[in-house]
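Here is how names work: the chains are called A, B, and so on, in the same order as the sequence lines, proteins then strands, and each is numbered from 1. The structure displayed is predicted, hence computed values, not measured ones.
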Amino acid sequence: MLSLNYIRENKHTILAGLEKRQFKPLSIIDEIIALDQKRREQKNELDNILAQANQKAKEIGMLFKQGKAEEANELKAATVAFKEKSKTLQESLQQTTAALHDLRTQIPNIPHDLVPNGTSEKDNKIVFTEGEIPKLADDALPHWELASQYGLIDFELGSKITGAGFPVYKGKGARLQRALINYFLDKNTAAGYEEMQVPHLVNADSGFGTGQLPDKEGQMYRVPEDDLFLIPTAEVPLTNLYRNQLLQAKELPICLTGYTPCFRREAGSYGAHVRGLNRLHQFDKVEIVRIEEPQNASAALEEMVNHVKGLLADLQMPYRILRLCAGDLGFTAALTYDFEIFSTTQNRWLEISSVSTFNSFQAERLQLRYKNKQEKKQLVHTLNGSALALPRVVAGLLENCQSPKGIKIPDVLVPYTGFEWIN
RNA sequence: AGAGAGGUGGCCGAGUGGUCGAAGGCGCACGCCUGGAAAGCGUGUAUUCCGUCAACGCGGAAUCGAGGGUUCGAAUCCCUUCCUCUCUGCCA
């Protein structure tokens with residue numbers, strides 16, 4: 001969410017940013033500025049009434065103390081008008097404030113200067129490519145067939161107990177999941193991220209804090225009985241750990257990592273692209289989150305990108321990095337790098353990590369600030385990224401590492417799996 | 001899940017209807033004292049919003065878990081709700 005001060009003072013920057021995103025209608029900004037003006041006028045009027053009412057109340061108190069009950073009671077009658085007036089003013093001020101808040105929640109983050117123009121994923125810019133795409137035999141199989149052939153994942157069983165998109169991992173398949181999670185957590189903590197175990201259900205305030213609510217309400221599973229949401233990513237609980245906080249500069253940066261399952265309704269998805277592990281309702285992901293001083297956020301983003309590069313290099317996966325264009329950028333992000341590994345048998349790139357900086361967009365919603373060197377309170381910058389999301393890593397790994405002898409586990413994972421081959 | 005107690009500033013803790021945004025203490029900052037430090041002494045020390053100012057500041061409003069209500073006036077009384085603690089129950 002953009003702060004009111006920022007909107008007031010940077011109207012043209014904001015309009016340019018929204019235009020880049022093809023956001024409509026742009027008139028919303030003028031609407032906000034006008035409403036804000038109205039809010040301040042109403043606030044002023046109300047404050048004046050309340051000041052007068054407070055004054056009268058004090059006088060009445062004094063009179064009672066001095067035993068002048070009669071005079072006091074006379075004054076009481078004079079306060080009735082204040083009371084009525086302040087009540088109606090208070091109500092309209094509340095309405096204005098709520099309307100203003102509502103409008104502000106509809107505005108996405110302003111894209112960073114580096115964000116390319118564009119309307120869809122076709123316009124994302126490839127900024128880095130690494131690794132050889134392996135040449136596989138003609139009879140190489142897609143991961144869902146390998147998973148079934150080696151008894152690693154049972155999609156039908158998941159369908160039976162829950163529904164489509166909730167796979168059951170079995171035997172070496174389950175062990176591979178656990179190995180990847182542990183491997184990622186170890187690498188992340190070695191890089192200075194503190195490991196956290198967080199709840200997998202969050203309340204609406206948390207959903208709002210990171211921007212899932214109200215924007216993506218339909219994408220989250222909810223538990224209406226208790227008014228909770230299943231997390232779509234560990235970003236939500238991890239970042240919200242610091243909601244409503246005033247940090248000291250020396251506490252920053254805060255670097256966290258955590259493994260959680262992620263739950264997504266994925267309403268509207270269909271077709272071959274959701275086959276196998278490509279798109280699931282429940283999947284595992286290890287997330288990294290950083291809370292930074294604004295001036296350090298760019299460097300932090302680069303560090304995170306490099307860290308994820310390191311993970312993929314270890315796994316010996318061919319991958320590329322995309323800088324998302326304005327049209328493909330998430331609602332809350334200012335700049336996003338997507339990591340994609342190449343799925344040889346599907347002949348397509350699969351997104352396995354998304355690393356983003358949010359500037360102060362989430363911090364404003366979270367009310368997460370710090371005291372800077374000048375002792376002034378300032379919103380922090382938040383960043384996060386997947387390091388990594390499991391299913392498509394598994395998909396790529398199965399497909400790219402297959403051979404007539406079976407599937408060769410990458411060396412770095414062997415200490416975690418306890419086996420070198422799936423065969 | 002049931003019964004009881006409670007939620008006050010960075011922390012502890014007083015405050016049951018009237019100059020209370022809140023005593024006192026701790027902590028912290030600055031100053032005095034000291035060769036230096038400790039101790040001691042003094043001063044200061046919440047946040048948000050609105051207005052005003054070039055700025056320091058000044059004026060006003062709101063905030064004692066959150067939201068409503070009673071009252072001329074609420075930290076204090078009433079209702080709702082969340083959370084914490086104790087006991088009982090249940091349970092991986």
Side-chain angles (χ1 to χ4, degrees), chain A residues 1-9 32-105 197-209 213 222-229 237 240-252 254 261 360 363-380:
Chain A
M1 195 156 64
L2 305 176
S3 76
L4 276 173
N5 279 334
Y6 184 80
I7 295 174
R8 243 182 262 152
E9 287 160 20
I32 287 174
I33 292 171
L35 258 185
D36 179 48
Q37 181 65 33
K38 185 175 168 191
R39 174 191 132 254
R40 285 186 287 167
E41 284 162 12
Q42 287 174 332
K43 162 92 171 135
N44 236 321
E45 202 181 340
L46 174 64
D47 282 358
N48 285 333
I49 299 281
L50 289 176
Q52 290 177 60
N54 286 345
Q55 185 54 39
K56 285 279 181 285
K58 270 181 196 168
E59 285 172 28
I60 292 168
M62 293 291 268
L63 288 173
F64 273 120
K65 240 180 195 168
Q66 294 163 11
K68 301 175 180 169
E70 219 166 285
E71 280 180 52
N73 283 323
E74 270 171 46
L75 257 187
K76 270 195 199 178
T79 63
V80 175
F82 288 136
K83 222 185 161 185
E84 283 171 7
K85 182 83 180 157
S86 71
K87 195 156 192 172
T88 55
L89 273 174
Q90 206 141 24
E91 274 165 18
S92 37
L93 179 62
Q94 260 170 22
Q95 274 173 22
T96 309
T97 308
L100 200 50
H101 186 263
D102 182 58
L103 284 182
R104 276 207 295 155
T105 61
Q197 277 203 20
V198 287
H200 301 164
L201 278 77
V202 292
N203 57 30
D205 284 346
S206 295
F208 179 80
L213 294 176
R222 63 186 309 175
V223 185
E225 188 91 336
D226 297 294
D227 221 6
L228 296 173
F229 297 85
N240 272 282
L241 292 173
Y242 289 89
R243 174 153 44 85
N244 289 329
Q245 277 215 21
L246 180 64
L247 299 166
Q248 301 300 319
K250 62 175 186 237
E251 295 178 76
L252 299 174
I254 290 166
S360 58
E364 168 80 12
R365 300 170 81 101
L366 294 157
Q367 281 307 297
L368 168 52
R369 294 167 306 164
Y370 81 110
K371 260 193 189 160
N372 64 20
K373 294 210 172 59
Q374 293 78 43
E375 288 288 296
K376 292 259 190 238
K377 293 175 199 81
Q378 195 179 350
L379 292 168
V380 300

If I pick the C1' atom on B:A38 and the same atom on B:C53, what distance separates them, to the nearest angstrom? 45 Å
Under 3.5 Å, N/O pairs linking protein and nucleotides 48-56 of chain B:
from	atom 1	to	atom 2	distance (Å)
B:U48	OP1	A:Arg369	NH1	2.9
B:C49	O3'	A:Arg39	NH2	2.7
B:C49	O2	A:Lys43	NZ	3.3
B:C50	OP1	A:Arg39	NH2	2.9
B:C50	O2'	A:Asn44	OD1	3.4
B:C50	O2'	A:Asn44	ND2	3.0

Nucleotide B:G68, atom C1' - distance to CD of A:Gln90 in whole Å: 12 Å
Roughly, in whole Å, what's the span from NZ in A:Lys371 to C1' in B:C28? 10 Å
Ignoring hydrogens and geometry, is there a side-chain-to-backbone donor-acceptor pair from A:Glu251 to A:Gln248 under 3.5 Å? yes
Assess the side chains of A:Asn372 and A:Gln378: does a donor N or O sit below 3.5 Å from an acceptor N or O? yes
The correct set of residues in residues 97-105 of chain A placing a heavy atom under 4.0 Å from RNA chain B is none
How many Å lie between CG on A:Asn203 and C1' on B:C83, as a whole number? 12 Å
If only side-chain N and O atoms count, and only distance matters, is there a donor-acceptor pair under 3.5 Å linking A:Glu91 with A:Gln95? no
Given the P atoms of B:C79 and B:G6, what is the spacing between them in whole Å? 14 Å
So what does A:Gln94 touch, heavy atoms closer than 4.0 Å: a base, only the sugar-phosphate, or nothing? sugar-phosphate
Considering only distance and modelled atom types, tabulate donor-acceptor pairs under 3.5 Å from the side chains of residues 81-88 of chain A, sequence neighbours left out.
from	atom 1	to	atom 2	distance (Å)
A:Ser86	OG	A:Phe82	O	3.2
A:Ser86	OG	A:Lys83	O	3.0
A:Thr88	OG1	A:Lys85	O	2.9

Can you name the nearest heavy-atom pair linking A:Leu89 to A:Ile49, along with the distance? CD1-CG1, 3.9 Å
Rounded distance in Å between the C1' positions of B:G13 and B:G9: 11 Å
Could you spell out the base pairing of RNA chain B in dot-bracket, with Watson-Crick or G-U pairs whose two distances are under 3.5 Å, [ ] crossing and | to another strand? ((((((((.[[[..)..(.....]]]((((((.......))))))(((((((....))))))).[[[[[..)....]]]]])))))))....
Look at the side chain of A:Ser3 and the backbone N and O of A:Tyr6, then say whether any donor-acceptor pair between them is shorter than 3.5 Å. yes
Would a 4.5 Å heavy-atom cut-off, applied to side chains only, mark A:Ile60 and A:Thr79 as touching? yes
In whole Å, measure the gap between the P atoms of B:G24 and B:C87 for me. 36 Å
Between P on B:U81 and CG on A:Asp227, what's the gap in Å once rounded to a whole number? 14 Å
Suppose you measure atom P in B:G17 against the same atom in B:U76; what distance do you get, rounded to whole Å? 12 Å
Which residue, A:Arg243, A:Arg104, A:Arg369, forms the salt bridge (charged side-chain N to carboxylate O under 4.0 Å, His left out) with A:Glu364? A:Arg104
For the student: nearest non-hydrogen atoms of A:Gly209 and A:Arg365, plus distance: O-CB, 3.5 Å
Locate the shortest heavy-atom distance separating A:Leu379 from A:Tyr370; write the atom from each residue and the value. O-CE2, 4.1 Å
Rounded to whole angstrom, note down the C1' distance from B:A23 over to B:U8. 12 Å
I need the minimum non-hydrogen distance between A:Tyr242 and A:Ile254, along with the two atoms involved. CE2-CD1, 3.4 Å
On RNA chain B, check which nucleotide each of A:Leu246 and A:Gln55 is closest to and give me the residue with the more 5' one. A:Leu246
Spacing of A:Lys87 atom NZ relative to B:G68 atom P, expressed in whole Å: 11 Å
What are the two closest heavy atoms between A:Ile32 and A:Leu100, and how far apart are they? O-CD1, 3.5 Å
When rounded to whole Å, the CD to C1' distance for the pair A:Gln248 and B:A29 reads 13 Å
Distance, P atom - from B:A22 to B:U47, rounded to whole angstrom: 14 Å
Where A:Leu247 and A:Leu368 come nearest, the two heavy atoms and their spacing: CD1-CD1, 3.7 Å
Any N/O pairs under 3.5 Å between the protein and nucleotides 72-76 of chain B? List them or say none.
from	atom 1	to	atom 2	distance (Å)
B:C72	O4'	A:Thr79	OG1	3.4

For residues 70-78 of chain A, which side-chain donor-acceptor pairs fall under 3.5 Å, sequence neighbours excluded?
from	atom 1	to	atom 2	distance (Å)
A:Asn73	ND2	A:Ala69	O	3.2

A:Ser206 pairs by side chain to side chain contact (heavy atoms under 4.5 Å, CB included) with which of A:Leu366, A:Leu241, A:Asn240? A:Asn240
Taking atom C1' in both B:C91 and B:A1, what distance in whole Å separates the two? 12 Å
